[in-house]
Amino acid sequence: MALEFWDIAADRLRKSLGNNNYKSWIEPLQLVGESAGTAEFFVPTSFFGNYVRQHFEDQILYQMRESGFEVTRVTFSVGRLDQEPVARPSSPAVVAPVKPREIQGAKLDKRFVFDNFVVGKPNELAHAAAKRVAEAGPVTFNPLFLYGGVGLGKTHLMHSIAWELQSNRPDINVMYLSAEQFMYRFVQALRERKMMDFKELFRSVDVLMVDDVQFIGGKDSTQEEFFHTFNALVDQNKQIIISADRAPGEIKQLEDRIASRLQCGLVVDLHPTTYELRLGILQSKIELYQSSYPGIDVRQEVVEFLAHRISTNVRVLEGALTRLFAFASLVGREITVELTQDCLSDILRASDRKVTVEEIQRKVSDHYNIRLSDMLGPKRLRSFARPRQIAMYLCKQLTSRSLPEIGRRFGGRDHTTVMHGVRKIEDLRNKDSQMSDDLDLLRRSLEA
Ligand SMILES: Nc1ncnc2c1ncn2[C@@H]1O[C@H](COP(=O)(O)OP(=O)(O)OP(=O)(O)O)[C@@H](O)[C@H]1O
């Protein structure tokens, strides 16, 4: 009976709102039941429900009353009746069981899960924050903004969150995509005149994850749309997770209002890897590789050699291992440091960190707590002369500068003075363990 009344009300709504509005917003409503003056409707998404409530609620109430309903209130909740809409006022609605939802948006990499993410000092905060949002508890920081240099694990953490959300909360809608894909979809929606669908899609997600957001810098209309999407979701208390290669305030050509919104939640950076973290990552990747290349062993000295020499990013480290394992399996030899040097000569050359003379001078003067001007000036006091010789020695070791060039950069000294200094330190290094430790420490911090 109620269904027939609804048919009448719907027909009146078609006439009063027009065919387009009717098709888009009234036809998809499913009347679930009506009691105590309240009519309850199922709607496909929460965005849809909000939209109808804001724009058509009064009209719906009015036309329902005009058609014989005694209603004073309508409610809209997300759901779907299992078959054709059946309106039985006093019987409970039959709702389709919740199926685990697919993650919407870009495809996720199966290897990028929390279990495969090695945690160390440089990334522990980012990891902890990622774990927290993956629990899908009450939203405490919105957005979570992860940033860091190339290949430091931002995408890995984002995918891990998405996988974990899918298993913890199969009922919620998670959307992961890159900022580039966001723009592509936006442009496509504009071209095909489907902006309403676009808005509805993005406003109906429970967790939105956008990777590499620096991409929208300078793209004005994409930024504008992103801003509206962002605000709409935050207003609904939906979780947003963003990644970028730099902090929000440093993204070029990003509107100030967006940068400031992005800083409203928790901003965490992934620091460059340390030697220890690289060792950990290598050990974990080697174990993974050994399942594909049984019988191939990597000596500990090789692992240390790689962790020491490849300090750029983890992606390069992984590339080096892949090549090493493939090579070792082809030639059927154990992986030694020599084999590694042969096989990875190009990667090792490219990874050689370019340390500058100025960096060395600054580091050494800081380490020995003297002023830079005293290190470069004419004073011959031992407390200035020794750090000066150490800095010269490190310049010879870590840069490709010639002795005369180094002399010039140290207050215009002669190349024989530099040579004398370098020899002195070489000598001390072999005799004095404190000197040797100091040199190792300085070298490591310069190469980190
Ligand atoms: N802590 C880590 N533990 C294990 N693997 C890691 C870690 N950090 C990075 N990786 C691996 O390094 C590779 C590069 O990581 P990812 O793609 O997540 O970097 P990114 O920060 O998103 O880089 P980009 O700025 O280029 O997008 C991936 O294969 C990832 O699994």
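Counting starts at 1 for both ligands and their atoms, in listed order.
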Given that the side chain starts at C-beta and the backbone is N, CA, C, O, which of these parts of Val119 lies under 4.0 Å from ligand 1, counting heavy atoms, or is it both or neither?
-> neither
Starting from atom 6 (C) of ligand 1, find the nearest protein heavy-atom neighbour and note its residue, name and distance.
-> Val314 CG1, 3.7 Å
May I ask you to identify the nearest protein heavy atom to atom 29 (O) of ligand 1, giving residue, atom name and distance to one decimal place in Å?
-> Glu318 OE1, 2.7 Å
If hydrogens are left out, which of Lys154, His156, Arg111 has an atom nearest to atom 21 (O) of ligand 1, that is, the closest non-hydrogen atom?
-> Lys154
Do the rings of Tyr147 and Phe145 sit parallel, tilted or perpendicular, given the 30° and 60° boundaries?
-> tilted
Please write down residue, atom name and distance for the protein heavy atom closest to atom 17 (O) of ligand 1.
-> Arg315 NH2, 3.0 Å
Of Phe112, Phe117, Phe114, which is the lone residue that meets ring-ring contact (aromatic ring centres under 6.0 Å, His included) with His159?
-> Phe112
Count the heavy atoms belonging to other residues, nucleotides or ligands that lie under 6.0 Å from OH of Tyr184, then report whether that count exceeds 12.
-> no
Nearest non-hydrogen atom to atom 22 (O) of ligand 1 belongs to which of Thr273, Thr155, Leu270?
-> Thr155
Ligand 1 versus Lys285, non-hydrogen atoms closer than 4.0 Å: side chain, backbone, both, neither?
-> side chain
Kindly say whether the aromatic ring centers of Phe198 and Phe182 come within a distance under 6.0 Å.
-> yes
Considering only protein heavy atoms, which is closest to atom 1 (N) of ligand 1, and at what distance to one decimal place?
-> Val118 O, 2.8 Å
Proximity flag Gly151 to ligand 1, non-hydrogen atoms under 4.0 Å | yes
Under 4.0 Å from ligand 1, counting heavy atoms only, is it the side chain of Asn116, its backbone, both or neither?
-> backbone
Note: Arg323-Asp346 ion pair, threshold 4.0 Å (strictly below) = yes
Does a side-chain N-to-carboxylate-O contact under 4.0 Å join Glu164 and Lys131?
-> yes
For ligand 1, is there an N or O atom under 3.5 Å from any N or O atom of Phe112?
-> no
Inspect the surroundings of CD in Gln181 and state if more than 12 heavy atoms from other residues, nucleotides or ligands are less than 6.0 Å away.
-> yes
Thinking salt bridges, do Lys194 and Glu200 make one under a 4.0 Å N-O criterion?
-> no
